[in-house]
2 protein chains.
Amino acid sequence: MNQGLPPQMGQSLLFLTDEQLRKGIEAMFFAYRGFTADPDRILAEKSYGRAHHRAIHFINRSPGTTVNNLLSILGVTKQSLNRVLRTLIEDGLVASTVGTRDKRERHLHLTDAGAALERELSDAQRDRMRAAYRAAGPEAVAGFRQVLEAMMDDETRQHYKAMKDRSE
Amino acid sequence: MNQGLPPQMGQSLLFLTDEQLRKGIEAMFFAYRGFTADPDRILAEKSYGRAHHRAIHFINRSPGTTVNNLLSILGVTKQSLNRVLRTLIEDGLVASTVGTRDKRERHLHLTDAGAALERELSDAQRDRMRAAYRAAGPEAVAGFRQVLEAMMDDETRQHYKAMKDRSE
DNA sequence: AGAATACGTCAGCTTTGTTGACATTCCAAG
DNA sequence: CTTGGAATGTCAACAAAGCTGACGTATTCT
């Protein structure tokens, strides 16, 4: 589309050419593979999958969250989440307790074993992220976060922003 | 781990705290969902999946590429790729021609119909990417690309860099 | 001539998503 | 106090897309 780089295009808009956008798309694809590679290796040993990792991550992040809330964060059906959650509960990694205010709800927490796995997984994932952050530097990291946030769906962005940032 | 923010930590390293890294991890997860959402909708109508999109994308990107080359870019097994490729060839979106130099190889090209679908898919994906780029600005985009590149596996990064950037 | 490479295919299995149907439990409104 | 709706759980069936292993064929390299 913008292949011809019309000479009247302002210099400041060169980063919006189709080719630049294509490189960004490919960068997302390739980077996401690296992003999941390390946890995937750990999970495979324990015969869990990415879905288990995501559940564990967000339960750790919001202890006591309800199934419904987790559902809307993860963006999957309850049947899909339930299958994952059931194995985690059976294996003693997640505790499901009946709500006190509303007894229909189940509040989810990680057990000690669950927290241990969470740490193992996120250590691996953070190691790579830390290396990437360190290599790119603080300004690049700020830009990285800005672009990712702008790429989210509106509803998703609400979830993202609602996640407590304990460092600020 | 770095929860306590030791006072002796240099200001310049604050972006490497575990909490900052966690936010980055969540940003990747949430953004990737947005990243694939638009093409996914188009693909669903035509009963194709993300795997078809990836094949189409990289065939468009490297016309005449061989099956083996595509395999190593995508990082899947030949059986998995073959299933996708077969339907694309049957449906007349991809053409497979016997190699001239080496007749064992098949060279893959998009047909006109294939190129049309590629355009439809990448237009949708680029629209979102463009909006994100525009919202974040050129410096943020540079940082975004730097962090993503640093996050890739070494082998993957070679593939990424080998992709022709027609704009430079 | 024989080994290695590139490709295709068959069969079977796994993970993770989907729909649809239906039961249970419980809160809250009438 | 009953009833409607919300939250949860479960069963069944299915699909996409990954995997392994085995095998066949054509071609090229040594």
Side-chain angles (χ1 to χ4, degrees), chain A residues 29 32-33 36-37 39-59 64-91 94-108 121, chain B residues 29 32-33 36-37 39-59 64-91 94-109:
Chain A
F29 170 66
Y32 200 78
R33 251 199 343 224
T36 56
D40 279 357
R41 267 188 288 273
I42 296 170
L43 289 158
E45 286 169 19
K46 308 186 156 50
S47 49
Y48 288 134
R50 251 177 236 181
H52 299 85
H53 183 189
R54 294 199 280 262
I56 288 173
H57 174 96
F58 286 110
I59 292 171
T65 185
T66 64
V67 172
N68 246 4
N69 184 42
L70 200 51
L71 235 41
S72 77
I73 290 172
L74 294 174
V76 297
T77 59
K78 63 177 176 173
Q79 293 91 331
S80 196
L81 174 59
N82 192 256
R83 182 170 30 201
V84 164
L85 230 36
R86 199 186 332 167
T87 70
L88 291 175
I89 292 169
E90 278 170 8
D91 295 353
V94 168
S96 166
T97 62
V98 174
T100 47
R101 217 191 59 194
D102 185 337
K103 290 177 189 165
R104 288 166 304 181
E105 297 180 339
R106 301 299 134 95
H107 297 291
L108 304 169
L121 291 169
Chain B
F29 169 65
Y32 199 79
R33 255 206 331 231
T36 57
D40 280 357
R41 267 188 289 273
I42 296 170
L43 290 158
E45 286 168 19
K46 308 185 155 51
S47 50
Y48 288 134
R50 251 177 236 181
H52 299 85
H53 184 188
R54 294 198 281 261
I56 288 174
H57 174 96
F58 286 109
I59 292 171
T65 185
T66 64
V67 174
N68 248 2
N69 184 42
L70 199 52
L71 236 40
S72 78
I73 288 172
L74 295 174
V76 297
T77 60
K78 65 173 176 173
Q79 292 92 329
S80 196
L81 174 60
N82 191 255
R83 182 171 29 198
V84 165
L85 230 36
R86 198 186 332 168
T87 71
L88 291 175
I89 292 169
E90 279 169 7
D91 295 353
V94 168
S96 166
T97 61
V98 174
T100 47
R101 217 190 59 194
D102 185 336
K103 290 177 191 164
R104 289 169 305 180
E105 297 180 338
R106 301 299 134 93
H107 297 292
L108 304 170
H109 295 268

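What you see is a predicted model, and the numbers here were worked out from it, not measured in a lab. These numbers come from the heavy atoms of this one structure, side chains and all, not from hydrogens, waters or symmetry mates. Per chain, numbering begins at 1; letters A, B, ... match sequence-line order.
- Put simply, CD1 on B:Ile89 is 11 Å from C1' on C:dC7, counting in whole angstrom units.
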* If a protein heavy atom is under 4.0 Å from the base, mark B; if only from the sugar-phosphate, S; if neither, -; do that for nucleotides 15-25 of chain C going 5' to 3'. => SBBBBBB---B
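- Rounded to an integer number of Å, the gap from B:Glu90 CD to C:dG8 C1' is 13 Å.
- Comparing A:Val98 and B:Asn82 by the nucleotide of DNA chain C that holds the closest heavy atom to each, the one mapping nearer the 5' end is B:Asn82.
- Residue pairs meeting the salt bridge (charged side-chain N to carboxylate O under 4.0 Å, His left out) criterion with at least one member in residues 39-51 of chain B, sequence neighbours excluded, are B:Asp38-B:Arg41, B:Asp40-B:Arg50, B:Lys46-B:Glu120.
- For A:His52, the side-chain hydrogen bond (donor to acceptor under 3.5 Å, both in side chains) criterion is met by A:Thr87, not counting sequence neighbours.
- Mapping heavy-atom proximity under 4.0 Å, the span of DNA chain D touched by chain A runs 5' to 3' from D:dG5 to D:dC11.
- Nearest heavy-atom pair, A:Leu70 versus A:Ile59, reported as atom, atom and distance to 0.1 Å: CD2-CG1, 3.9 Å.
- With sequence neighbours excluded, the residues that form a side chain to side chain contact (heavy atoms under 4.5 Å, CB included) with A:Val76 are A:Leu74, A:Ser80, A:Leu81.
- Between A:Phe29 and B:Phe58, the ring planes are tilted. Angles from 30° to 60° get that label.
- Summarising the geometry of A:Thr100 relative to A:Lys103, their closest heavy-atom pair is O-CG, 4.2 Å, with the distance given to 0.1 Å.
- Pairs engaging residues 76-88 of chain B under the salt bridge (charged side-chain N to carboxylate O under 4.0 Å, His left out) rule: none recorded [sequence neighbours left out].
- The shortest distance between side-chain heavy atoms of B:Ile56 and B:Tyr48 does not fall below 4.5 Å.
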